[in-house]
Amino acid sequence: MNELSLFLPCAAGVEDFLAQEVHALTGRVGQDLLSARGGVRVRAGWRDALKLNLHSRLAQRVLIEVAHAPYRSENDLYAIAGGVAWEVWFTPKQTFKIETTAQHSPLQSLNFATLRIKDAIADRFRAKAGGVRPSIETQWPDVRVFAHLTTEFCTLYIDTSGEPLFKRGWRQDKGDAPLKETLAAAMLAASGWWNPETGEVSPQPLYDPCCGSGTIAIEAAQIATGIAAGSSRRFGFEKLLPFQSHVWAALKAEAAPRADRRPTPVFGSDVSHRMVDFAERNAERAGVAQAVQFRGGDALQRMPPAESGVIVLNPPYGERIEVGGVARGRAGPSGAPARGREEAQTEDGGEFFVQLASHWKKNYAGWTAWVLTPDMQLPKRMRLKESRRVPMWNGPIECRLFRFDMVAGSARERAPAPQPQPQP
Ligand SMILES: C[S@@+](CC[C@H](N)C(=O)[O-])C[C@H]1O[C@@H](n2cnc3c(N)ncnc32)[C@H](O)[C@@H]1O
């Protein structure tokens, strides 16, 4: 259990930040720690696997690789899965589930591939445990097995996380489009406010003026106060055979936040008072009610909560999230009354974003704003020149995290009719 091959999947674009975080948590370097597409591979021990689950803010799961071999047919998959010592990990009295993903697999049916892997696991247990075999449970399995098929190779993993790690355990109240906690953490890392390599946090106050259920602010407040990401949830490894409760208890005790830490101030606000209520309740459950301050209010009117700082937000966009506040219900460019979200999408660049930019230019000199959006034309719409653009994925949606520097007196304003920009 001291030299396992772990794979931590993450959102595309987050690999390097995750590698820094894994390095900080395990101390592994060089060939023992490799960034791959969509995740990080690390050679580390069982205790490290537990520690990564408890602390990682960027990984989706922590998987242990148990087989990696070439295959051409479903029968090969049966042989590969049958050769794994599953009895080291779980018992035939437990339930399990297999999730198969594939990239250019030559096989016709992923369902059939999954079935053959399941048969191999069941047959191995039947042979080793006097005819007893574990049963399948698709909703709440005790154990999850992941199979990944490429053109030539099959890789099998046993999962140690259970529910995906973005589920931190504190969110019960959410809006229509909550950000995944892992993406919120990636935004904080990309902005430089949080350094996943050192665990350090900028002394600059952090503010999300469209905070919704509070994901970015709560994630930031937990980082600032030193509360481990997984401190209020359960994990899949608790049901695996190598699990020892005293090892886990010691890891959790080591992770207790230091009382002497003076956290950086964190603020959130939202035009919807219902959302502010949700955010406050979530912060309470996350143990950061004292470390983050939520307020109601329109992002177009709220004044800065501190002299300077860092704004990080994913503003309203798309079908599901309407713009509220003063930009809602004003006349559109045609003179007809505009309706909420549609106004944010108007031809002239969007009333909401134009007003947000001028509010920031006027009142937020000295602040840096990081805005996550799928709208590649956002800087043009805001008539601001971005100083950075970081590619990020919000689930299947390709986004950019744009950085805007609010320079005192002369914001870096665009010409009124800018030319379209080439996209990376
Ligand atoms: C995409 S959601 C943000 C989700 C949030 N990051 C979370 O994880 O829950 C956008 C938020 O902007 C808020 N909003 C819309 N118009 C606003 C305005 N004028 N001022 C402040 N907040 C606004 C909405 O109420 C919504 O909660």
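All heavy atoms count here, side chains included; hydrogens, waters and symmetry mates do not. Order of listing sets the numbers, starting from 1, for every ligand and every atom in it.
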Undergrad: Any heavy atom of Phe278 sitting closer than 4.0 Å to ligand 1?
TA: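 No, that is not the case, since the closest heavy atom of the residue is not under 4.0 Å from the ligand.
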Undergrad: Geometry only, no angles: is Thr215 polar-contacting ligand 1 at N/O separations under 3.5 Å?
TA: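 It does: an N or O of Thr215 is found under 3.5 Å from an N or O of ligand 1.
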Undergrad: Is a side-chain donor-acceptor pair under 3.5 Å present for Asn53 with Thr160?
TA: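 On atom types as modelled, these side chains qualify, holding a pair under 3.5 Å.
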Undergrad: Where the side chain of Lys97 meets the backbone of Thr138, is there a donor-acceptor pair that is under 3.5 Å apart?
TA: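 Pair found, side chain donor or acceptor close to backbone of Thr138.
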Undergrad: Apply ring-ring contact (aromatic ring centres under 6.0 Å, His included) to His68 and list each qualifying residue two or more places apart in sequence or on a separate chain.
TA: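 Testing His68 for ring-ring contact (aromatic ring centres under 6.0 Å, His included), a comparison that skips the adjacent residues, returns Phe153.
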Undergrad: For ligand 1, which atoms, with element, lie under 4.0 Å from some heavy atom of Phe352?
TA: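 Counting atoms of ligand 1 from 1, those under 4.0 Å from Phe352 are 18 (C), 19 (N).
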Undergrad: Taking all atoms of both residues into account, what is the closest heavy-atom pair of Ala184 and Thr215, and its distance?
TA: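 That closest heavy-atom pairing would be CB-CG2, 3.9 Å.
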Undergrad: If I apply the N/O under 3.5 Å rule, does Asp208 come out as touching ligand 1?
TA: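 No - when backbone and side-chain N and O of Asp208 are compared with those of ligand 1, no distance drops under 3.5 Å.
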Undergrad: When you compare ligand 1 with Val271, is there at least one nitrogen or oxygen pair between them that comes in under 3.5 angstrom?
TA: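 Checking ligand 1 against Val271, an N or O pair does fall under 3.5 Å apart.
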Undergrad: Using distance alone, decide if ligand 1 has a nitrogen or oxygen within less than 3.5 Å of any nitrogen or oxygen in Leu179.
TA: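 Yes.
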Undergrad: Nearest heavy atom to atom 9 (O) of ligand 1: which of Ser272, Ala217, Ser213 does it belong to?
TA: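 Ranked by closest heavy atom to atom 9 (O) of ligand 1, first place is Ser213.
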Undergrad: Does the side chain of Tyr364 pick up a donor-acceptor pair with the side chain of Ser308 at under 3.5 Å?
TA: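 The criterion, which ignores hydrogens and geometry beyond distance, is not satisfied for Ser308 and Tyr364.
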Undergrad: For Pro209, which part has a heavy atom under 4.0 Å from ligand 1: side chain, backbone, both, or neither?
TA: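 Pro209 to ligand 1: backbone contact only, side chain stays beyond 4.0 Å.
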Undergrad: Look up atom CD1 in Ile158 and atom CH2 in Trp86, then write down how far apart they are to the nearest 0.5 Å.
TA: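 Going from the CD1 atom of Ile158 to the CH2 atom of Trp86 covers 5.5 Å.
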Undergrad: When you measure from the centre of the six-membered ring of Phe166, is the NZ or CZ of Arg168 under 6.0 Å away and within 45° of the axis?
TA: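 That pair does not qualify as a cation-pi contact.
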Undergrad: Does ligand 1 have an atom under 4.0 Å from some heavy atom of Ala279?
TA: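 It does not, in that no heavy atom of Ala279 comes within the 4.0 Å cut-off of ligand 1.
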Undergrad: Is ligand 1 less than 4.0 angstrom away from at least one heavy atom of Gly297?
TA: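 Distance cut 4.0 Å: Gly297 passes for ligand 1.
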Undergrad: Against heavy atoms of Pro178, which atoms of ligand 1 measure under 4.0 Å?
TA: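 This gives 7 (C), 8 (O), 9 (O) as the contact atoms.
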Undergrad: Give me the atom names and distance for the closest heavy-atom approach of Leu300 to Gln355.
TA: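 Heavy atoms only, the tightest pair is CD1-OE1, 3.2 Å.
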Undergrad: Just jot down the ligand 1 atoms closer than 4.0 angstrom to any heavy atom of Ala299, in number order.
TA: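 With Ala299 as reference, the close atoms of ligand 1 come out as 18 (C), 20 (N), 21 (C).
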Undergrad: Could you see which bit of Pro315 sits under 4.0 Å from ligand 1, with heavy atoms only: side chain, backbone, both or neither?
TA: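 The answer is the backbone.
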Undergrad: Using the side chain to side chain contact (heavy atoms under 4.5 Å, CB included) criterion, which residues pair with Gln293? Sequence neighbours excluded.
TA: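 Gln293 satisfies side chain to side chain contact (heavy atoms under 4.5 Å, CB included) with Phe267, Arg295 only.
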Undergrad: Check whether any heavy atom of Leu300 sits under 4.0 Å from an atom of ligand 1.
TA: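 The answer is no: ligand 1 sits nowhere under 4.0 Å from a heavy atom of Leu300.
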